[in-house]
Novice: 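Just passing along the structure, written as structure tokens.
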Amino acid sequence: MSSRLVGVGVGPGDPELVTVKGVNALRAADVVVVPVMDTLERGRAEATVLHHVSGQKIVRVVFALNERTDRARREAAWDAAGARVAELLREHAYVAFATIGDPNVYSTFTYLAQTLTDLVPELVVETVPGITAMQDLAARSGAVLTEGTEPLTLVPVTAGEAALKEALAGPGTVVAYKFGRRAAEVAKALREAGRLQDAVWGSALGLPEESVRPAAELDGAALPYLSTLIAPPRREGGRGGKL
């Protein structure tokens with residue numbers, strides 16, 4: 001009998017932003033895997049899931065979530081995590097994996113699924129989409145992501161300053177993920193591109209420590225790693241000007 005692995009997007013942190021389909025998938029699963037950097041910590045995904053299912057079905061699995069320099073260590077951690085989830089799939093017919101945001105947007109789930117297809121024969125992999133941080137920040141700040149024919153560019157600042165500057169030089173809205181530790185560089189790039197005034201940033205969206213602020217207030221201080229930024233283009237011509 002084939003095993004089933006479902007990646008469930010649980011949104012940026014607000015438990016009310018988990019979709020009905022996502023909640024049903026979590027509740028139907030035999031176990032729900034949540035990624036952590038340490039088995040003693042409660043990550044954001046687990047905190048969200050606990051609003052919808054019993055903690056008794058949650059299993060923490062350690063991933064090298066922030067390891068970027070030591071490839072050998074990262075690969076070893078991925079192999080260990082894959083082996084643990086493969087073990088769970090041999091014990092249970094239906095395993096859900098909870099990931100913040102969406103499972104197909106810069107998610108740990110992508111790499112896990114790739115690992116498990118080699119470890120678990122006849123594995124069925126599915127995903128349930130989740131609300132992304134850029135959607136939540138747009139709603140909380142009033143920023144409009146796109147109008148008319150505008151493109152939308154999503155850039156992880158971990159890709160480097162050049163990628164962000166190239167995006168800001170183009171048309172349409174630019175969304176920057178994971179920019180918190182490089183906030184000073186991001187503010188400088190926004191200023192040089194003439195996009196600082198209308199940009200907004202947010203962190204811990206939907207959580208008690210939530211912060212949603214104008215990018216013009218960035219002072220160079222480091223922000224939470226998972227901070228998100230929206231930099232809309234200059235919009236002229238009135239209503240429907242970009243049609």
Side-chain angles (χ1 to χ4, degrees), residues 9 11-13 37 44 64-71 74 99-111 129-206 209-238 240-243:
M37 290 187 290
R44 190 178 299 185
L65 298 174
N66 292 333
E67 180 57 67
R68 302 186 186 282
T69 57
D70 190 335
R71 181 168 182 172
R74 183 175 68 243
T99 178
I100 59 172
D102 181 276
N104 292 305
V105 180
Y106 299 128
S107 170
T108 306
F109 180 76
T110 303
Y111 310 117
I131 292 173
T132 61
M134 63 178 168
Q135 292 170 288
D136 196 12
L137 177 57
R140 293 177 189 277
S141 67
V144 176
L145 285 171
T146 56
E147 285 187 4
T149 58
E150 292 174 353
L152 175 65
T153 304
L154 176 59
V155 180
V157 176
T158 50
E161 187 178 3
L164 175 63
K165 287 185 174 181
E166 181 180 356
L168 290 171
T173 296
V174 175
V175 175
Y177 272 6
K178 305 176 183 178
F179 86 93
R181 295 174 186 169
R182 304 178 71 169
E185 297 173 40
V186 170
K188 180 174 181 288
L190 288 169
R191 190 175 298 108
E192 292 174 350
R195 295 211 188 198
L196 184 63
Q197 193 60 40
D198 295 327
V200 296
W201 71 271
S203 65
L205 301 174
E209 63 272 28
E210 172 184 291
S211 182
V212 176
R213 309 291 299 172
E217 296 182 7
L218 290 172
D219 59 5
L223 304 174
Y225 174 69
L226 290 178
S227 296
T228 298
L229 176 126
I230 298 175
R234 187 174 299 278
R235 295 181 173 122
E236 299 173 341
K242 291 297 183 81
L243 291 174

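None of the values given here were measured: they were computed from a predicted structure.
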Novice: Who passes salt bridge (Lys or Arg N to Asp or Glu O under 4.0 Å) against R182, sequence neighbours left out?
Specialist: E185
Novice: Is there a donor-acceptor contact under 3.5 Å from the side chain of R195 to the main chain of A231?
Specialist: yes
Novice: Not counting sequence neighbours, which residues clear ring-ring contact (aromatic ring centres under 6.0 Å, His included) with F109? List them please.
Specialist: F97
Novice: Can you name the residues that form a side chain to side chain donor-acceptor pair (under 3.5 Å) with E217, not counting sequence neighbours?
Specialist: R213
Novice: Once side chain to side chain donor-acceptor pair (under 3.5 Å) is applied, do any residues pair with T132, and if so which ones, sequence neighbours excluded?
Specialist: Q135
Novice: What residues form a side-chain contact (heavy atoms from CB on, under 4.5 Å) with A222, not counting sequence neighbours?
Specialist: none
Novice: Under 3.5 Å, which donor-acceptor pairs do the side chains of residues 169-177 form with other protein atoms, sequence neighbours left out?
Specialist:
unit_1 : atom_1 : unit_2 : atom_2 : d
T173   : OG1    : L145   : O      : 2.6
T173   : OG1    : R235   : NH2    : 3.4
Y177   : OH     : M134   : N      : 3.3

Novice: Who pairs with S141 by side chain to side chain donor-acceptor pair (under 3.5 Å), at least two apart in sequence or on another chain?
Specialist: none
Novice: List the atom pairs, donor and acceptor, that lie under 3.5 Å between side-chain atoms in residues 196-203 and the rest of the protein, sequence neighbours left out.
Specialist:
none

Novice: Restricting to side-chain contact (heavy atoms from CB on, under 4.5 Å), what partner residues turn up for P129, sequence neighbours left out?
Specialist: D102
Novice: Could you pull out all residues at least two apart from A139 that satisfy side-chain contact (heavy atoms from CB on, under 4.5 Å)?
Specialist: none
Novice: With sequence neighbours left out, write down each residue that passes side chain to side chain donor-acceptor pair (under 3.5 Å) with E166, or none if nothing qualifies.
Specialist: none
